[in-house]
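Here is the structure we will look at.
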Amino acid sequence: MFDFLIKNGTVIDGTGNVGFDASVAIQNNSVKILTGDVSGVEAATVVDASNSVVCPGFIDVHTHSDIMLLAEPANEPKAMMGVCTDLIGVDGMGYAPLSQANLKKMLTVWSGVNGYPRLDYNWGSVSEYLAKYDKTSSTNVGFFVPNACLRAETVGWENRPATAGDIKAMQHLLRQGMKEGALGLSTGLTYPPGSYASTEELVELCRTVAECGGVYVTHVRYDLGDGAFDGFREAIKIGLLSGCAVHLSHYATNLAIRGRAKQMLALVDDARARGLDVTFDSYPWPAGSSHLSAAVPQWAQDGGPEQLLARIKDEQQREIMRTQTPALVGAADQLIVSAVKTEKNQWCEGLTIQAVADQLGKSAWDTICDLLIEENLEVAFYVFTGDMDDVRTIITHPAQMVCTDGLRIGGRPNPRTYGTYPRILGQMVRDEAVMPLEQAIRKMTSFPAQRFGLSDRGILRDGMKADIVVFDPLTISSVATFEKPKQFPLGIDYVFVNGTMIVDKGKHTGVTTKHTKHRSGTSLDIIRLRIWTPPFSN
């Protein structure tokens, strides 16, 4: 007898092939495809999927769930839209490997993106960090080693070149992290201290990633050279010189290159023609998100969070910065506060920095500085920099896969945290016919699984892990908006993670189950995969 039988649905298996009529059975976290009459098949629970699509669970390849997933293990924003696997440690932001002193600093630095919930922060290594998700999360977790952690542990927090010895030390930490389960290396090259890395340093690190069979995942230097395409060119150069596969994070147009999506895609096509294994992810919204510290000049962040706060508290240094601030400050009437830490400043959420400044009778720059001080850097924002025509062009490229890049903090997060996958499957695929449904599902399932070595999921096939989504193709829709972002989608009826039902008839079951380790090695016995696989439980 099977644990579950999902019958009468249309199976879209994640490969990009057309759907077919079949039933999907689950037993001991394993999938079995059944065709024909299943009236005699016995199962503990039967799900009628008539008029519904049954497909693999979605894989969010760029997410800022990180430590909020430890604080809120049900992971409702993701689970309710069918995400069964979150990949964390992206944008060079993360929390291992780190000493306790550097972990405390890193928690403060990234609090404006990942939050700083009350947890037992007692890990150091990658394996110790990933063990924290065991017996907690209702979804799978994969991890990239952030280059900011490598730099903090070797070079320190200062803006200086890495020595040959520093690079060897970073390579050792990176190699060990991948042995312990990391999928590759990530960078956030507009965020100190990771942004202090040179191209040459990153080439050497990526040689190690390639040796270990991983992927280089990068948030590029958007201010490099022409401020338009040169950051992407640097990423391609790093891949070509190191021999490492490259994945470009949140590939989207911004104010500098709005309307030039085809030129962005030409860079990818040219690199692939030159032999580089390069892919990218993107989300279906025209707004980007970040932490408010990004509005402070990088030189003022030299030395870590304490130095940053000290400089913006100093009136003379603040005045110097006033004339040197990044372009973000000039767009204060477009930066919308999405998250603050204190109750005192919650009234700011949903307002632009300029609107907050006007109410306080301050300049935009002083408002930014004072908010960062009062919130101990835990401030997030979003800004409309993109264009939906560019989004549609980029999302259909064969090298694209889907991500949320979703922040889990604040009262007014970018709605992509709650609505990315249903927005594509509903509004963009069904209503706008941007691409076939089967191709959209492939970009959410088998393509990211293939890219990051998740060899036992992403496809509905006999023997694969039972990560499954059941949705109504006629009603699936995102209802999350910028004004009311914390709204769960319509039309997603059932979600299974490793054979455990976590969404039942559109409601989260509240299940978080014991997780065990699944590993996939290379010929070098380097672990490329860390996926948590809970056994079936009710």
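Below, all heavy atoms of this structure are taken into account, side chains as well, without hydrogens, waters or symmetry copies. Numbers for residues simply follow the sequence, beginning at 1.
To the nearest 0.5 Å, atoms CG (L150) and CG (L185) are separated by 6.5 Å. Rounded to the nearest 0.5 Å, atoms CE (M444) and CE (M81) are 10.0 Å apart. Between atom CG of residue L87 and atom OG1 of residue T63 there is a gap of 8.5 Å, rounded to the nearest 0.5 Å. Between atom OG1 of residue T208 and atom CG of residue L173 there is a gap of 11.0 Å, rounded to the nearest 0.5 Å.
Between F471 and F58, the ring-plane angle classifies as tilted under the 30° and 60° cut-offs. Ring planes of Y191 and H291: perpendicular class, angle over 60° (limits at 30 and 60°). F496 and Y494 have parallel rings, their planes meeting at less than 30° on a 0 to 90° scale where 60° marks the start of perpendicular.
With hydrogens and angles left out, the side-chain atoms of R416 and S478 include no donor and acceptor closer than 3.5 Å. No donor-acceptor contact under 3.5 angstrom links the side chains of S111 and K341, judged on distance only. Side-chain contact, R442 with N17: no donor N or O sits under 3.5 Å from an acceptor N or O. The closest side-chain donor-acceptor pair between T500 and N498, if any, does not fall under 3.5 angstrom. Side-chain atoms of H219 and T190 form a donor-acceptor pair, as typed in the model, at a separation below 3.5 Å. At a cut-off of 3.5 Å, with distance as the only test, a side-chain donor of E375 or N345 sits close to an acceptor on the other residue.
Residues S125 and A96 approach most closely at O-CB, 3.8 Å, considering heavy atoms. Nearest heavy-atom pair across T509 and V503 is CG2-N, 4.1 Å. Nearest heavy atom pair, residue I394 against residue Y251, reads CG2-O, 3.6 Å. Of all the heavy atoms in L70 and K132, the pair that sits closest is CD2-O, 3.4 Å.
Remark: the backbone N or O of M1 is not paired with any side-chain donor or acceptor of E42 at under 3.5 angstrom. For D66 (side chain) and G89 (main-chain N/O), a donor-acceptor pair under 3.5 Å exists by modelled atom type. Counting only distance, with no hydrogens or angles, the side chain of T136 and the backbone of Y133 share a donor-acceptor pair below 3.5 Å. Without hydrogens or angle criteria, Q487 side chain to Y418 main chain gives no donor-acceptor distance under 3.5 Å. Remark: the backbone N or O of C403 is not paired with any side-chain donor or acceptor of D60 at under 3.5 angstrom. Between the H508 side chain and the A74 main chain, a donor and an acceptor come within less than 3.5 Å of each other. Counting only distance, with no hydrogens or angles, the side chain of N114 and the backbone of I67 share no donor-acceptor pair below 3.5 Å. In this structure, the side chain of N102 engages the main chain of A152 through a donor-acceptor pair within 3.5 Å. In this structure a side-chain-to-backbone donor-acceptor pair under 3.5 Å is present from E180 to S127. Judged by distance alone, with hydrogens and angles left aside, the side-chain atoms of S282 form no donor-acceptor pair with the main-chain N or O of I395 at under 3.5 Å.
With respect to the salt-bridge test (charged N to carboxylate O, under 4.0 angstrom), the residues D504 and K507 do not qualify. Between K505 and D493 there is no salt bridge, since no side-chain nitrogen of the basic residue lies less than 4.0 Å from a carboxylate oxygen of the acidic one.
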- Message: Let's go through R461 and D13 carefully: what are the C-alpha distance in whole Å and the side-chain angles of both, what is the deciding distance for salt bridge (charged side-chain N to carboxylate O under 4.0 Å, His left out) to 0.1 Å, and is it a yes or a no?
- Response: CA-CA 7 Å; R461 183 178 293 160; D13 65 8; 5.3 Å; no
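Checked against a 6.0 Å centroid threshold, the rings of H250 and F280 do not count as neighbours. Checked against the 6.0 Å centroid threshold, Y95 and Y121 do not count as a close aromatic pair.
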